[in-house]
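Please read the structure below before turning to the comments.
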Amino acid sequence: MSEFTFIVKRKRVFSPSDYVAGVLGGDRSMLARAITLVESQRPEHQAIAEEVVAECLKRSGKSIRVGITGAPGVGKSTFIEAFGLSLIEAGRRVAVLAIDPTSEKSRGSILGDKTRMEKLAQSDQAFIRPSPSSGALGGAAPKTREAMLLCEAAGFDAIIIETVGVGQSEIAVHSMTDFFLLLMLAGAGDELQGIKRGIMEMADLIAITKADGTNVQKAKLAQQEYAQALRLFPPNPNGWSPRSLTCSALTGEGVREIRDLIFDFEKQMTENGWLARKREAQAAHWLRQTLERELLSRFYSSEAVKAKLPLLEKAVRSGEISPFRAAKELLNLLP
Ligand code: GDP
C-alpha cells in the first residue's frame, strides 16, 4: 500500500464503492473494515454493508468452506494454525472466521484470542478475524456468513469457520460450510467433550488431535472406534463416507493428510454437482432464517404489540384467555 493511499484512507469516509473496490482488490484492511460494518448494529452501517455484500456476492463462492468444531482445549487454534499453513503451502489463501456462542454476559470468549495463531497471522496469504462479540448466536451467525462471502470476494479460497462444541453454533456453521471437521480428544469420552450424536452425524471427518508422544496409541485406538461408529450412520446422499484420522498439530503428523482429504472431497463434490446443490439449499435456508428473525424482531418492536403483550400475558397467566387465543390477538395487531 502506498503512503498516498494510507493518508487518503485515514481521512476519508468510505463510500460503498470504496469498500467494494478495496475488498475485490484483496486489500485486507478494507476487508476488515467491511466486516466491521457487517457486524455493526447501527442502521447506517447496515445500509452500507448491505450494498457492499450485494456487490461482493457476485464474486464470492470460489472457495472450499471448512467448518471446524471441538470442545474447548481439544486443540482447535493450534490445529487451525498448522492446517492453515498447510493450505497456504498448497497455494491457497486462507481466511479464518469464528462463531463464538459465548453469551455477552458470561466470562468472555470460549474461542479466545485469535492472536494465538501467530505464524498464520503473519502470512500475507492469511486473514484471521476474531469472533464477533455481538452476543446472541442468532445475530452472530448470519454476520459470519456475510463475512465469509466478503473474504471469498477478496480472493480467499479456503475459508475456515471455527466454533466450539456446544450444539447450536455447530448447526449454524454446518449450514454455511461445505466440509465439517470434528476435532476430538482420545480417551475423554463423547459426553465429557460435550459432543452430541447429532454433531457426530454432521461430520465429514473426525480427527483425533494431539496424537503425539505417549498419546499416539490411545489416539489410534480412538480413531478406530470412531471409524466404526461412523460406519453405523446412514450413508451420505452425496456419496462421501465420513472418515476418522489422527493428527498432531505439534509434530504436524496427519495435518497434510487432512488437507488432502478435504481437497479430494472438494474435487468429488464439485464433479458430482453436490457442492453447488448444497450451497443453493444453504442460501435458501439463510433466507428463511433471516425472514424468521426479521419477523420476530418486527413483531416485538411494534408499539401496538408492546402495549398489549403485558396485558394479554397477565390474562394468560390467570387463565382468563388461552395462550393460543392471545397469540392470535397479538398477531392480528401487525399490519
Ligand atoms: P482450543 O481451546 O480447542 O482452541 O485448544 P488450543 O489450540 O488452545 O490447545 C489447547 C492446549 O492443547 C494447548 O496447551 C496446546 O498447546 C495443546 N495442544 C494443541 N494441539 C496439540 C497437539 O497436537 N499435541 C499436543 N501434545 N498438545 C497440543
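For ligands, and for the atoms within them, numbers begin at 1 and follow the listed sequence.
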Numbered atoms and elements of ligand 1 in range of [X], under 4.0 angstrom, heavy atoms:
X	answer
Asp212	22 (C), 23 (O), 24 (N), 25 (C), 26 (N)
Lys76	1 (P), 3 (O), 4 (O), 5 (O), 7 (O)
Leu250	22 (C), 23 (O), 24 (N), 25 (C), 26 (N), 27 (N)
Ala71	3 (O)
Ser248	23 (O)
Ser77	4 (O), 7 (O)

Quiz item: Out of Gly73, Gly213, Gly252, who gets a non-hydrogen atom closest to atom 10 (C) of ligand 1?
Solution: Gly73
Would you say [atom1] of [X] has more than 12 non-hydrogen atoms from neighbouring residues, nucleotides or ligands within 6.0 angstrom?
X	atom1	value
Lys314	NZ	no
Glu50	CD	no
Arg256	CZ	no
Gln282	CD	yes
Arg243	CZ	yes

If you measure every N or O of [X] against every N or O of ligand 1, does any of those distances drop under 3.5 Å?
X	value
Ala249	yes
Gly75	yes
Phe79	no

Quiz item: Can Arg277 and Glu280 be counted as an ion pair, charged N to O under 4.0 angstrom?
Solution: no
Quiz item: Is the closest basic N to carboxylate O distance between Glu39 and Arg129 below 4.0 Å?
Solution: yes
Quiz item: Can you tell me if Ser63 and Glu152 form a side-chain donor-acceptor pair at under 3.5 Å?
Solution: yes
Quiz item: For ligand 1, does Ala211 get within less than 4.0 Å through its side chain, its backbone, both, or neither, judged by non-hydrogen atoms?
Solution: neither
